[in-house]
J.: 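I have a structure I would like to understand better, so I am pasting it below and will then ask my questions one at a time.
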2 protein chains.
Amino acid sequence: MKAKITLKDIARELEVSISTVSKALKNSEEISRDTKEKVQAFAKLYNYKPNNIAISLKNKRTKNIGVVIPDIVHHFFTTVIRGIEKYANARGYNVIVCLSEESFDKEVINMEMLANGSIDGFIMSLSSETQEKADYNHLKEVTEQGIPVVLFDRITHEVECDKVIIDDELGAYQATKKFIDQGKKKIALITTDDYLSVSEARTRGYRKALEESPMGIDESLILKLPSMELDEAAIKAFLNKMDPDAVLCVNEIFAVYSMRLVQEKGLRIPEDISFIGFTDGVLSKYANPSLTVVAQHGEKMGEVSAKMLIDKIESEAEEETYQTKILEPTLVIRDSIAH
Amino acid sequence: MKAKITLKDIARELEVSISTVSKALKNSEEISRDTKEKVQAFAKLYNYKPNNIAISLKNKRTKNIGVVIPDIVHHFFTTVIRGIEKYANARGYNVIVCLSEESFDKEVINMEMLANGSIDGFIMSLSSETQEKADYNHLKEVTEQGIPVVLFDRITHEVECDKVIIDDELGAYQATKKFIDQGKKKIALITTDDYLSVSEARTRGYRKALEESPMGIDESLILKLPSMELDEAAIKAFLNKMDPDAVLCVNEIFAVYSMRLVQEKGLRIPEDISFIGFTDGVLSKYANPSLTVVAQHGEKMGEVSAKMLIDKIESEAEEETYQTKILEPTLVIRDSIAH
DNA sequence: TTGTACGCGTTATCAG
DNA sequence: CTGATAACGCGTACAA
């Protein structure tokens with residue numbers, strides 16, 4: 001076992017001073033060609049690499065970014081992480097992932113852990129509990145300490161920081177419009193409670209499209225589930241009772257499960273009933289029939305978030321100006337609607 | 001913006017020495033009750049938290065663990081990360097995630113980045129390119145430096161370190177046996193090239209079960225795809241030509257796609273043809289019909305890996321003894337087979 | 001009871 | 001051209 005070699009080791013071995021070694025390795029003009037060659041050769045031989053921790057301490061820059069998300073076993077978050085990781089890596093940053101598991105306390109603990117010097121900035125999406133309690137003190141503390149934060153997807157307007165969201169309202173609006181244009185008469189919405197910022201926005205888009213149409217809104221066609229968890233019984237009862245000819249769902253799982261239910265009743269998709277979901281994940285792609293979805297471009301979102309964060313980290317500027325980037329959703333047409 | 005406060009700040013403010021502050025905060029017996037109270041009150045007021053980086057440098061322990069995996073947009077890896085994260089967090093460790101994207105070079109670069117002091121140990125699953133090249137020097141270098149490594153799922157026997165795998169051979173054996181017991185006569189296997197350690201093991205289990213049966217092995221019933229990427233045309237041609245009555249697939253996607261193909265031909269599942277896949281993800285659960293799978297218990301795998309790694313990190317012992325933990329797979333019965 | 005000095009590994013400044 | 005010194009933030013053995 002050959003342990004890592006340090007500047008000091010090289011200096012001792014070559015009988016020069018530590019600072020000479022340091023400069024030689026940086027190809028400083030101050031050092032003679034002879035010494036430089038000698039040092040560099042030795043360093044290469046013993047595979048010298050500067051210690052990140054020491055450099056972090058000195059520079060007060062860790063080159064790490066903290067990502068705090070509610071859940072990782074979700075296609076959307078997973079694609080966001082990939083986007084962040086790719087971009088951050090290209091700029092020399094590592095990504096520390098922490099899961100809040102939708103819990104306020106975990107979110108707070110994780111942030112505190114990372115905020116004590118482990119990271120240069122945060123990228124995060126709020127846990128449902130945090131959105132429900134509407135308590136954002138942990139975020140405010142961090143930003144007050146001068147640690148930059150980028151919120152994505154599940155955001156709040158109560159914290160001053162950069163934000164990245166997709167236009168959920170627009171996505172739902174376009175999807176609902178699509179149904180209307182196709183002549184659908186009973187357009188249902190399966191969503192969750194409004195404290196989740198995304199569900200709230202999607203519901204708004206759905207309402208807007210219907211309000212603009214001659215049909216107007218039929219409140220009984222809206223099913224509000226308490227959380228993103230699949231409540232099979234509730235969906236089944238709702239679909240049986242309302243018998244819609246089109247359904248917009250705020251996620252893939254609601255949609256795919258609903259499709260199976262109506263198929264079991266003998267309905268044909270998309271002839272008798274059409275479906276559109278949110279999130280362009282594996283489920284939508286491989287469902288039978290494949291599911292038309294409002295794609296959220298998670299990877300893009302991750303990249304944009306990472307770029308905003310790193311730009312802020314590396315900008316010397318003290319100006320406190322924050323922006324909110326709104327990405328456009330796209331409708332990915334598949335076989336669950338006529339086309 | 002109130003920046004982080006340091007021991008030095010407190011010392012200056014209270015006009016005592018830095019070490020007094022340090023000791024006072026640790027409730028050291030050496031310090032008078034008066035001073036301790038004064039210091040602790042001040043520290044609480046200004047929300048003092050020790051700087052992780054400084055502690056890392058001093059202790060030569062970062063309390064970070066590096067996780068290097070080929071892909072994060074895959075249910076299995078995602079559950080493993082969750083398991084790692086949960087366990088590691090409970091023991092005070094953070095998780096740095098790096099993606100190799102199935103590339104050898106990225107794997108090497110990521111490991112080098114992290115090995116320079118950023119982490120106390122690695123948990124990793126090999127990229128397909130690495131397994132194909134069978135070049136493990138980057139792993140060997142790291143272990144030689146004394147950095148503990150735990151390999152999971154996609155492992156190699158050429159590196160001496162702890163390993164965690166599931167018994168892929170057993171899983172495939174049990175699945176194939178199930179088909180045989182149900183009287184299936186033409187049992188096909190859709191797999192990938194053998195350089196992927198998991199595919200190789202699964203193929204072995206399939207072969208073993210058939211060899212033990214009166215049927216024996218029909219090589220033409222085995223489809224070997226070059227990678228985990230879905231090759232729709234190849235699968236279609238294969239299924240049309242061979243017309244099997246049971247299919248074992250090494251992942252969910254192959255299985256779900258195959259199911260759709262045979263359904264389009266008018267075959268009934270599971271009456272005419274049955275399916276079993278690997279990986280218990282969302283796809284299997286919500287497919288139509290739902291897919292019977294060999295569950296790999298990713299979360300458990302993550303926990304076990306994290307425990308092995310942290311135990312090794314924290315054990316003073318220099319003894320170089322490595323173990324391989326083999327987890328048992330489970331067959332999750334769903335509607336793609338008779339039951 | 002408190003403070004001084006040193007070390008973790010690196011870099012930057014300044015002196016020789 | 002080379003080296004000594006200080007500093008990043010903390011902890012601790014040792015001195016006062």
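Chain A is the first sequence line, chain B the second, and so forth, proteins listed ahead of strands; every chain is numbered from 1.
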J.: Can you tell me which nucleotide in C:dG9, D:dC10, D:dG3 comes closest to the side chain of B:Pro50?
T.: D:dC10

J.: Ignoring hydrogens and angles, answer whether the base of C:dG9 and the side-chain atoms of B:Lys58 contain a donor-acceptor pair closer than 3.5 Å.
T.: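 Answer is no: no donor-acceptor pair is held.
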
J.: For B:Asn116 and C:dT10, give me the distance from atom CG to atom C1', rounded to whole Å.
T.: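 To the nearest whole Å, that distance equals 13 Å.
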
J.: Please state how far atom CD1 in A:Ile10 lies from atom C1' in C:dT11, giving the value in whole angstrom units.
T.: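 It works out to 15 Å between those atoms.
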
J.: Using a cut-off of 4.0 Å on non-hydrogen atoms, how would the nucleic acid contact of B:Ser22 be classed: base, sugar-phosphate, or nothing?
T.: base

J.: Examine C:dG3: is either OP1 or OP2 under 4.0 Å from a nitrogen or oxygen in the side chain of B:Ser17? Give yes or no.
T.: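 Yes.
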
J.: Would one find more than 12 heavy atoms of other residues, nucleotides or ligands at under 6.0 Å from atom NZ of B:Lys300?
T.: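 Not buried by this count: 12 neighbours or fewer within 6.0 Å.
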
J.: For D:dA4, does either OP1 or OP2 sit under 4.0 Å from a side-chain N or O belonging to A:Ser19?
T.: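 Looking at the OP1 and OP2 atoms of D:dA4, neither is under 4.0 Å from any side-chain N or O of A:Ser19.
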
J.: When the distance from CD1 of B:Ile18 to C1' of D:dA7 is rounded to whole Å, what number comes out?
T.: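 Computing the B:Ile18:CD1 to D:dA7:C1' distance gives 11 Å.
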
J.: Please determine, for the side chain of B:Lys26, which listed nucleotide (D:dG11, C:dG3, D:dT2) has the closest atom?
T.: D:dG11

J.: Round to the nearest Å and state the distance from B:Lys60 atom NZ to C:dT10 atom P.
T.: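 That distance rounds to 10 Å.
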
J.: State which of C:dT2, D:dG11, D:dG9 makes the closest approach to the side chain of B:Thr6.
T.: D:dG9

J.: Considering non-hydrogen atoms only, spot the tightest contact between B:Met113 and A:Asn52 and give its length.
T.: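 Closest approach of B:Met113 to A:Asn52, heavy atoms only: O-ND2, 2.9 Å.
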
J.: Looking at B:Tyr48, I'd like to know whether one of its side-chain N or O atoms comes within less than 4.0 Å of OP1 or OP2 on D:dG9.
T.: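 No.
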
J.: Counting neighbours of NZ on A:Lys140 that are heavy atoms of other residues, nucleotides or ligands and sit closer than 6.0 Å, is the number greater than 12?
T.: yes

J.: What is the distance, rounded to the nearest whole Å, between atom CD1 of B:Ile5 and atom P of D:dG9?
T.: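 One finds 12 Å between P of D:dG9 and CD1 of B:Ile5, rounded.
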
J.: Nearest to the side chain of B:Ala54, heavy atoms from C-beta on, is which of C:dG3, C:dC8, D:dC10?
T.: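 So the side chain of B:Ala54 is nearest to D:dC10.
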
J.: Tell me whether the count of non-hydrogen atoms from other residues, nucleotides or ligands lying under 6.0 Å of CD in A:Glu160 goes above 12.
T.: no

J.: Could you give the CD1-to-C1' distance, from B:Ile53 to D:dG11, as a whole number of Å?
T.: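 Taking CD1 of B:Ile53 and C1' of D:dG11, I get 16 Å after rounding.
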
J.: Hey, does A:Ser56 reach any base, or is it just sugar-phosphate, or nothing, if we go heavy atoms under 4.0 Å?
T.: nothing

J.: Pick the closest DNA chain C nucleotide for B:Glu29 and for B:Leu57 by heavy atoms, then say which residue is nearer the 5' end.
T.: B:Glu29

J.: Check every strand shown and say whether A:Lys8 touches a base, only sugar-phosphate, or nothing at a heavy-atom separation below 4.0 Å.
T.: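 Contact class for A:Lys8: sugar-phosphate only.
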
J.: What distance do A:Tyr87 atom OH and A:Tyr93 atom OH have between them, rounded to the nearest 0.5 Å?
T.: 10.0 Å

J.: Have a look at A:Ser32 and say if it touches a base, only the backbone sugar-phosphate, or nothing, with a 4.0 Å heavy-atom cut-off.
T.: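 Answer is sugar-phosphate: A:Ser32 comes under 4.0 Å of backbone atoms only.
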
J.: Give the rounded distance in Å between these two atoms: CD1 of A:Ile31 and P of C:dT11.
T.: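 Atom CD1 in A:Ile31 sits about 13 Å away from atom P in C:dT11.
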
